[in-house]
2 protein chains.
Amino acid sequence: MAATLQDVANLAGVSVKTVSNVVNNYTHVRATTRTRVQGAIDQLKYQPNMSARGLRSGRTGVIGLAVPELSLSYFAELADAVIKAAERHGMVVLIEQTGADRKREIDLLSSPRLQLTDGLIFSPLGMGSDDASHLDVSYPLVVLGERIFGGPVDHVTMKNIDAARAATELLIARGRKRIAVIGAHEGEVVGSAALRLQGYKEALAAAGLPYDDELIGYVGLWHRHDGLMAMRNMIERGVEFDAVFGLNDTLALGAMRVLQEAHFKIPDDVSVIGFDDLDETQYSLPALSTVDPGRAEIAETAVRVLMERINGQTAPKKPAPVEYLVDFTLRERESTL
Amino acid sequence: MAATLQDVANLAGVSVKTVSNVVNNYTHVRATTRTRVQGAIDQLKYQPNMSARGLRSGRTGVIGLAVPELSLSYFAELADAVIKAAERHGMVVLIEQTGADRKREIDLLSSPRLQLTDGLIFSPLGMGSDDASHLDVSYPLVVLGERIFGGPVDHVTMKNIDAARAATELLIARGRKRIAVIGAHEGEVVGSAALRLQGYKEALAAAGLPYDDELIGYVGLWHRHDGLMAMRNMIERGVEFDAVFGLNDTLALGAMRVLQEAHFKIPDDVSVIGFDDLDETQYSLPALSTVDPGRAEIAETAVRVLMERINGQTAPKKPAPVEYLVDFTLRERESTL
DNA sequence: TTGAAAGCGCTAACAC
DNA sequence: GTGTTAGCGCTTTCAA
């Protein structure tokens, strides 16, 4: 079927070693030989067999990316960015979905399917700090997100607290005093929800505003529907507020829908801000103010760090894990003007 | 480093063949032997080397999925569905992004990166009918979408014309007579835009309504922004209309935003319907009526057909290509009530 | 600068 | 029911 190195060598009248040298751009090949070999390669449409190369070299050229679900826009846009970053490193990306399920996340870390990859970029949503030990794996691994800090592996994350504080401060600067939060997780101390809530509290404290638990909308997941329900619930409870901070854009958009249904004017009656800078926030009505958590840079950093680990695997001992913190940018749009 | 079959065999005091039999769930292994081998496997944390297995068997256990961009929600949701379907077949998915660029799409089809994969599910957006010959490749390939019909490969697609006709008929049934279309592609005769426009025309004709080119909003791409601009443009031109058919949901949502900005009431003044049944259509304000083109079934069919081709590769000659047409469902929501 | 040959870990044909 | 062994296509010493 497909041509092998040997086929090319026969046709070109050289040894497989020489063909291999040409294929891998070795320097010490005579120009005439190279041309002849290249001709044979073209003629036979030779393509290296990746399995064989992988078996021999121990490298596959594939990196794994594990996310909860691609239908969550944040992760779709993250995956997009990771694939593009990987491409620049000559790598291709295999995507696994964990469904934000703790057990599936843990299982994935020791799945034989990872044998196909040189390393993994892992964005857990179900695991918590107690599960950090599971991250102590024997292959290159970079963790994203806010579920686990100080684990045994490299970690790339965003400035959740600072960014949430900045978002809240923006609302305060617009004169808002009763700022509702949509998307908190009851009793949680780790994860994006907890960190962003902390940033919110810090901003309130700095401005001398009281913290009122009435204003906190708790949800299970961060789907559109959850934002919608939490907002509706808060309105039905008769809670007074003049601003809403959606802990992510999806929640904020869901909340905005309910607000408009209830005839609140945005931003006149209620200012709304989200978090993530999803593409669609530019096209909602009104366009949603939000925080760009540096998604592109997170993806680039994750891939770069992973590649360093992959390429440095010969090192005598594993270097200490590093935490990378990516900068955010506030994007003010119509919903807070 | 990692344990090999030989290591396990040594520890268990059997031959590699026996270990291989156990790993691959061969039936003819004595229970006691199996237990002993399994113990050795667990103890050594043995995991098969996929590259070696791939080299030997010619199979990698990976299928490729090529889409324009994951940040387009439709393709993110499609990828999600494909990954889930592949998982049921014990396969893992490697995703390539082509950026809807014709040249990149064509290049991808002969890329050595596909060597890692047992077959490809390909959703082109840049290629046209003239490029069909490029699809005549030597590996299992299933094509999705509306760019190429009657090509040399299996093709899974949706009932674009019928579904668009049904969507238009719904608007007509609601008493609408001047139905604008957002998202047509100037001069195009192939692709989703052209087919859906045809369905629209058929519905008008069947209802005895005139076709008016004034009502057709042409766009370049199918991004949110394009829907927004096309709608704005139509309003500025002073065109009169009482309904809008967005040729996909993203366009419809962009258009809806502009309509509301211009103080049209939806659905009172203008009914709006989209196409794709994206998750977010349920949470827009008003919730967007749309057509579910059977995305989940498309994904399942594509994976199933691809697996059949992969498993049937030993067949003496390539079977004739097949066209699979998946059924749609109308989803009426608030925007057309 | 090029060639010969070993061997990566696995599967499967063949032997017993 | 289990063992022996060839070889998948490639990279890489080691020689020439």
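Chain identifiers are assigned alphabetically (A, B, ...) following the order of the sequence lines, protein sequences preceding nucleic acid strands; residue numbering begins at 1 within each chain.
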Q) Taking NZ, NE, NH1 and NH2 as the nitrogens, is one of them in B:Glu300 or B:Arg295 under 4.0 Å from a carboxylate oxygen of the other? A) no

Q: Provide, to the nearest angstrom, the distance between the CG atom belonging to B:Asn49 and the C1' atom belonging to D:dG9.
A: 14 Å

Q: Would you indicate which nucleotide in D:dT2, C:dG9, C:dT11 comes nearest to any side-chain atom of B:Leu55?
A: C:dG9

Q. In whole Å, what is the span from the CZ atom of B:Arg53 to the C1' atom of C:dC8?
A. 16 Å

Q. Does OP1 or OP2 of D:dT11 have a side-chain N or O of A:Ser20 closer than 4.0 Å?
A. yes

Q) To the nearest Å, how far apart are A:Met50 CE and D:dC8 C1'? A) 16 Å

Q: Please tell me which of B:Ser57 and A:Tyr26 maps to the more 5' nucleotide of DNA chain D, matching each residue to the nucleotide holding its nearest heavy atom.
A: B:Ser57

(Q) So that I can tick it off, tell me whether B:Glu87 and A:Arg113 are bridged by a salt bridge, with the cut-off set at under 4.0 angstrom between side-chain N and carboxylate O. (A) yes

**Q.** B:Arg104, CZ atom: more than 12 neighbouring heavy atoms under 6.0 Å
**A.** yes

Q. Is the phosphate of D:dG1, meaning OP1 or OP2, less than 4.0 Å from a side-chain N or O of B:Asn21?
A. no

Q) What integer distance in Å separates B:Leu5:CG from C:dG7:C1'? A) 16 Å

Q.
If only side-chain N and O atoms count, and only distance matters, is there a donor-acceptor pair under 3.5 Å linking B:Asn24 with B:Ser20?
A. yes

Q.
So, does A:Thr4 get its side chain near the phosphate of D:dG9, meaning an N or O under 4.0 Å from OP1 or OP2?
A. no

Q. Taking atom C1' of D:dT2 as reference, at what distance in whole Å does atom CZ of B:Arg36 sit?
A. 11 Å

Q: Among D:dT2, C:dT2, D:dG9, find the nucleotide with the atom closest to the side chain of A:Ser15.
A: C:dT2

Q | Contact nearer the 5' end of DNA chain D, comparing A:Ser51 with B:His28 | A | B:His28

Q. On DNA chain C, nearest-nucleotide positions of A:Arg34 versus A:Val16: which is more 5'?
A. A:Arg34

Q: Can you tell me the distance, in whole Å, between the CD atom of B:Gln115 and the C1' atom of D:dC10?
A: 12 Å

Q. Of B:Lys17 and B:Gln47, whose closest DNA chain C nucleotide lies nearer the 5' terminus?
A. B:Gln47

Q | Gap between atoms CG and P, on A:Asn24 and C:dT2 respectively (whole Å) | A | 15 Å

Q. When the distance from CZ of A:Arg56 to C1' of D:dT12 is rounded to whole Å, what number comes out?
A. 6 Å

Q. Can you check whether B:Phe149 and B:His155 have ring centres sitting under 6.0 Å from each other?
A. yes

